[in-house]
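Here is the structure we will look at.
Throughout, residue positions are numbered sequentially from 1 according to the sequence presented. Nothing here was measured: the structure is a model prediction, and the numbers come from that model.
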Amino acid sequence: INAEYMGFLPSFAIIKNRNMCTRGVFQLKHLQIAYCEHGGSSRGVKEYLNQSLPSFKQSHEHVDVHLVKRSNRHPYVLAKYVNDSQQVLSLRNLNPREIDDRIMKLRDRTGRYSEAKLSKWAVAVSTTRSVQGAWSPLFNYVPPTPT
């Protein structure tokens with residue numbers, strides 16, 4: 001937004017940085033980064049841990065960061081939020097910049113699922129056909145008897 005127009009806009013229309021807060025409370029409370037010490041898919045994670053993680057910890061003191069070494073497993077990050085929801089993202093074969101982008105995306109979430117995604121997930125889908133057969137609007141149809 002251009003600075004000369006800020007005086008004409010209401011305060012709620014001025015979009016600042018996403019603040020990852022709801023009512024002043026940071027939503028992300030715990031990050032768990034799991035990686036393998038000798039696996040090739042964890043190379044980017046190990047670089048991220050040496051380069052960028054210390055600055056992330058310093059600027060986000062409210063987030064508990066735990067590192068988990070898992071032999072012969074692909075790396076992932078698990079984010080836990082204040083409302084007890086969690087999200088897992090794979091870090092397999094990513095470079096440190098992409099890992100930082102994913103962690104910032106987790107930081108910016110509120111932990112709630114959007115209604116659009118929830119409504120798609122709430123639809124019951126079955127791959128097994130019904131034993132009773134498919135329903136038809138003509139199921140209880142009684143044809144009129146000729147008189």
Query raised in the report: Tell me, do Val68 and Gln32 make a side-chain contact under 4.5 Å, heavy atoms counted?
Result: yes

Query raised in the report: So, do Tyr81 and His30 sit near enough that their side-chain heavy atoms are less than 4.5 Å apart?
Result: no

Report task. Under the side-chain hydrogen bond (donor to acceptor under 3.5 Å, both in side chains) rule, collect the residues that match up with Gln58, sequence neighbours excluded. Result -> none

Requested in this report: Indicate yes or no for a side-chain donor-acceptor contact from Gln51 to the backbone of Tyr48 under 3.5 Å, with no hydrogens or angles considered.
Outcome: no

Query raised in the report: Among the clusters formed by ILVMFWY side chains lying less than 4.5 Å apart, do Leu67 and Val77 turn up in the same one?
Result: yes

Requested in this report: Determine, stepwise, if the pair Ser41 / His74 fulfils side chain to side chain contact (heavy atoms under 4.5 Å, CB included).
Outcome: CA-CA 6 Å; Ser41 62; His74 291 299; 2.9 Å; yes

Report task. Please lay out, stage by stage, how Leu106 and Gln86 fare under the test side chain to side chain contact (heavy atoms under 4.5 Å, CB included). Result -> CA-CA 10 Å; Leu106 291 171; Gln86 59 185 14; over 6 Å; no

Query raised in the report: Is Leu31 close to Ile103 at the side-chain level, that is, under 4.5 Å between some pair of heavy atoms?
Result: yes

Requested in this report: Spell out, yes or no, whether Leu89 and Leu53 are grouped together once hydrophobic residues are joined by side-chain heavy atoms under 4.5 Å, including indirect joins.
Outcome: yes

Query raised in the report: Are any of the side-chain heavy atoms of Arg70 and Tyr76 separated by less than 4.5 Å?
Result: yes

Report task. Begin with the C-alpha distance, continue with both residues' side-chain angles, and end with the deciding distance and a verdict on side chain to side chain donor-acceptor pair (under 3.5 Å) for Gln87 and Arg109. Result -> CA-CA 10 Å; Gln87 184 175 8; Arg109 280 193 72 222; 2.6 Å; yes

Query raised in the report: Can you tell me if CZ on Arg92 sees more than 12 non-hydrogen neighbours from other groups inside 6.0 Å?
Result: no

Query - Exercise: identify the closest heavy-atom pair between Asn93 and Gly40 - result: OD1-O, 4.1 Å

Query raised in the report: For His38, what residues pass the ring pair (Phe, Tyr, Trp, His ring centres under 6.0 Å) criterion, not counting sequence neighbours?
Result: none

Report task. Search all heavy atoms of Val45 against all heavy atoms of Pro75 and return the closest pair with its distance. Result -> CG2-CB, 3.7 Å

Requested in this report: Give the C-alpha distance, both sets of side-chain angles, the deciding distance and a yes or no for side chain to side chain contact (heavy atoms under 4.5 Å, CB included) between Leu94 and Asp101.
Outcome: CA-CA 10 Å; Leu94 297 179; Asp101 289 343; over 6 Å; no

**Report entry** Value rounded to 0.5 Å, distance of OG in Ser42 from CD in Glu37
**Finding:** 10.0 Å

Query raised in the report: Hey, any chance Phe56 and Tyr35 share a hydrophobic cluster, counting ILVMFWY side chains that come within less than 4.5 Å of each other, even indirectly?
Result: yes

Report summary line: In terms of heavy-atom contacts, Pro96 and Glu47 come closest through CG-OE1, 3.4 Å

Report task. Verify, without hydrogens or angle tests, whether Lys29 (side chain) and His62 (backbone) share a donor-acceptor contact under 3.5 angstrom. Result -> no

Requested in this report: Hey, could you give me the NE2/OG distance between His60 and Ser55, rounded to the nearest 0.5 Å?
Outcome: 9.0 Å

Query raised in the report: Looking at CZ of Arg107 and CG of Asp100, how far apart are the two atoms once the value is rounded to the nearest 0.5 Å?
Result: 9.0 Å

Query raised in the report: Are Leu28 and Met104 grouped together when hydrophobic residues (ILVMFWY) are joined by side-chain heavy atoms under 4.5 angstrom apart?
Result: yes

Report summary line: In short, Val65 meets Lys57 closest at the heavy-atom pair CB-CE, 3.8 Å

